A.B. asks: 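One structure coming up, written as structure tokens, with questions to follow.
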Amino acid sequence: MAKLEKLFRAVLRAMRPDGLLYLDEYIGPSRTEWSGEILTPHRAVHASLPPEIRNGEDLPDPVQADDPSEAIRSSEIEPQMRIGFETMARRPYGGTLLSVLIPRLRRDRLTDSLLERLIDEERLLLARGGSSYYAIIVARPRRGLARLRARIHYFAVPKLKRSGS
């Protein structure tokens with residue numbers, strides 16, 4: 001979704017004040033944000049796996065090259081949502097290592113014990129403060145002046161970005 005402000009403005013406009021917004025979404029790094037630093041833990045786990053399980057020696061950036069619309073502004077979803085919506089509940093559910101590694105492994109060679117190991121590695125990474133790449137979020141629309149400010153923000157910011165201001 002490239003036009004987050006437009007999306008959230010439309011959702012905010014359509015919702016009743018007591019309505020709830022439910023998001024179940026990838027909120028990890030956007031496609032242009034991947035770096036060696038972000039991928040360090042992923043590459044360490046990948047390198048520790050038996051070579052016959054890996055699809056190649058290197059772990060490339062997990063960017064879907066055939067879909068230029070994929071994860072354009074994924075890391076901005078939650079901050080943009082918070083402008084117009086108050087988070088009532090947030091449940092991160094990982095995908096930090098698994099969503100990057102699993103597509104780069106030979107599925108015909110994956111065993112239950114290896115999958116358990118990868119799940120344990122992900123849990124450890126998250127326990128050490130790593131960010132979850134996926135989350136379920138339930139939010140309600142802001143009210144009063146906060147709602148008005150959000151609608152103005154969602155309307156004005158894209159226009160200001162386009163004009164270069």
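Being a predicted model, the structure only gives us computed values, none of them experimental.
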A.B. asks: Please confirm whether the backbone N or O of P60 pairs with a side-chain atom of D58, one donor and one acceptor, at under 3.5 Å?
C.D. replies: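 No.
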A.B. asks: Quick one: are R149 and L145 in side-chain contact, heavy atoms under 4.5 Å?
C.D. replies: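 Side chain of R149 against side chain of L145, heavy atoms only: contact under 4.5 Å found.
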A.B. asks: Any side-chain heavy-atom pair from V11 and F85 closer than 4.5 angstrom?
C.D. replies: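 A side-chain contact exists here, since the closest heavy-atom pair is under 4.5 Å.
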A.B. asks: Nearest 0.5 Å please: distance from the OG atom of S132 over to the CD atom of E122.
C.D. replies: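 Atom-to-atom, S132:OG and E122:CD are 7.0 Å apart.
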A.B. asks: Could you measure the distance from the CZ atom of R106 to the CD1 atom of I53? Nearest 0.5 Å is fine.
C.D. replies: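 Nearest 0.5 Å value for the CZ-CD1 distance: 9.5 Å.
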A.B. asks: Over all heavy atoms of both residues, which pair between A71 and P29 is shortest? Give the atoms and the distance, please.
C.D. replies: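 Residues A71 and P29, closest heavy atoms: CB-O, 4.4 Å.
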A.B. asks: If every non-hydrogen atom of Y26 is compared with every non-hydrogen atom of I77, which pair is closest and at what distance?
C.D. replies: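 Shortest heavy-atom separation between Y26 and I77 comes out as O-CD1, 3.7 Å.
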A.B. asks: Going from CG on L115 to CG on L110, what distance comes out if it is rounded to the nearest 0.5 angstrom?
C.D. replies: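 One finds 5.0 Å between CG of L115 and CG of L110.
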A.B. asks: Would you mind checking if D120 and R123 are paired as a salt bridge, meaning a charged N to carboxylate O distance below 4.0 Å?
C.D. replies: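 Counted as a salt bridge, because a side-chain N and a carboxylate O are separated by less than 4.0 Å.
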A.B. asks: So does R117 have more than 12 non-hydrogen atoms from other groups sitting under 6.0 Å from CZ?
C.D. replies: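 Count over threshold, so yes.
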A.B. asks: Counting only N and O atoms by type, is there a donor-acceptor contact under 3.5 Å from the side chain of S30 to the main-chain atoms of T32?
C.D. replies: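 Checked: no pair found.
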A.B. asks: Do you know which two heavy atoms are closest between A47 and R54, and how far apart they sit?
C.D. replies: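 Here A47 and R54 meet closest at CA-NH1, 3.6 Å.
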A.B. asks: Start with the C-alpha distance between L114 and R109, add both sets of side-chain angles, then the distance that settles side chain to side chain contact (heavy atoms under 4.5 Å, CB included), and finish with yes or no.
C.D. replies: CA-CA 9 Å; L114 182 61; R109 304 256 173 112; over 6 Å; no
A.B. asks: Taking only residues at least two apart or on different chains, which pairs with a member in residues 9-33 satisfy salt bridge (Lys or Arg N to Asp or Glu O under 4.0 Å)?
C.D. replies: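 For residues 9-33, and leaving out neighbouring residues, there are no salt bridge (Lys or Arg N to Asp or Glu O under 4.0 Å) pairs at all.
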A.B. asks: Taking atom CG as the centre, does D112 end up with more than 12 heavy-atom neighbours from other residues, nucleotides or ligands that are less than 6.0 angstrom away?
C.D. replies: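 Incorrect, the count does not exceed 12.
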A.B. asks: Check salt bridge (charged side-chain N to carboxylate O under 4.0 Å, His left out) between R151 and all other residues, then give those that pass, not counting sequence neighbours.
C.D. replies: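 Result, salt bridge (charged side-chain N to carboxylate O under 4.0 Å, His left out) vs R151: none returned.
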A.B. asks: Does atom OH of Y93 have more than 12 heavy-atom neighbours, drawn from other residues, nucleotides or ligands, at distances under 6.0 Å?
C.D. replies: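 Check passes, neighbour count above 12.
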A.B. asks: Are the side chains of L105 and L118 in contact, using a 4.5 Å heavy-atom criterion?
C.D. replies: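 Yes, their side chains come closer than 4.5 Å.
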A.B. asks: Could you tell me which residues satisfy side-chain contact (heavy atoms from CB on, under 4.5 Å) with E37, sequence neighbours excluded, listed by chain and number?
C.D. replies: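 Testing E37 for side-chain contact (heavy atoms from CB on, under 4.5 Å), a comparison that skips the adjacent residues, returns S35.
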A.B. asks: Counting only heavy atoms not in R147, do more than 12 fall under 6.0 Å of its CZ?
C.D. replies: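 Counting other residues, nucleotides and ligands, CZ of R147 exceeds 12 neighbours.
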A.B. asks: Do any pairs count as a salt bridge (Lys or Arg N to Asp or Glu O under 4.0 Å) and have a residue in residues 70-87, sequence neighbours left out, and if so which ones?
C.D. replies: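 For residues 70-87: E5-R73, R73-E76, E78-R82, E78-R90.
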A.B. asks: Side-chain contact test, heavy atoms from C-beta onward, threshold under 4.5 Å: evaluate it for L21 versus M81 and give yes or no.
C.D. replies: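 Yes, at least one pair of side-chain atoms sits under 4.5 Å.
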A.B. asks: So, using salt bridge (charged side-chain N to carboxylate O under 4.0 Å, His left out) as the criterion, who are the partners of R43 when residues are at least two apart?
C.D. replies: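 Partners of R43 under the salt bridge (charged side-chain N to carboxylate O under 4.0 Å, His left out) test: D61.
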A.B. asks: Output, in order, the C-alpha distance, side-chain angles, deciding distance and verdict of side chain to side chain contact (heavy atoms under 4.5 Å, CB included) for Y154 and L12.
C.D. replies: CA-CA 10 Å; Y154 290 147; L12 189 60; 4.2 Å; yes
A.B. asks: Could you list the donor-acceptor pairs under 3.5 angstrom formed by side chains in residues 95-104, with sequence neighbours left out?
C.D. replies:
| unit_1 | atom_1 | unit_2 | atom_2 | d |
| --- | --- | --- | --- | --- |
| T96 | OG1 | S131 | O | 2.7 |
| T96 | OG1 | Y133 | N | 3.4 |
| S99 | OG | G95 | O | 2.4 |

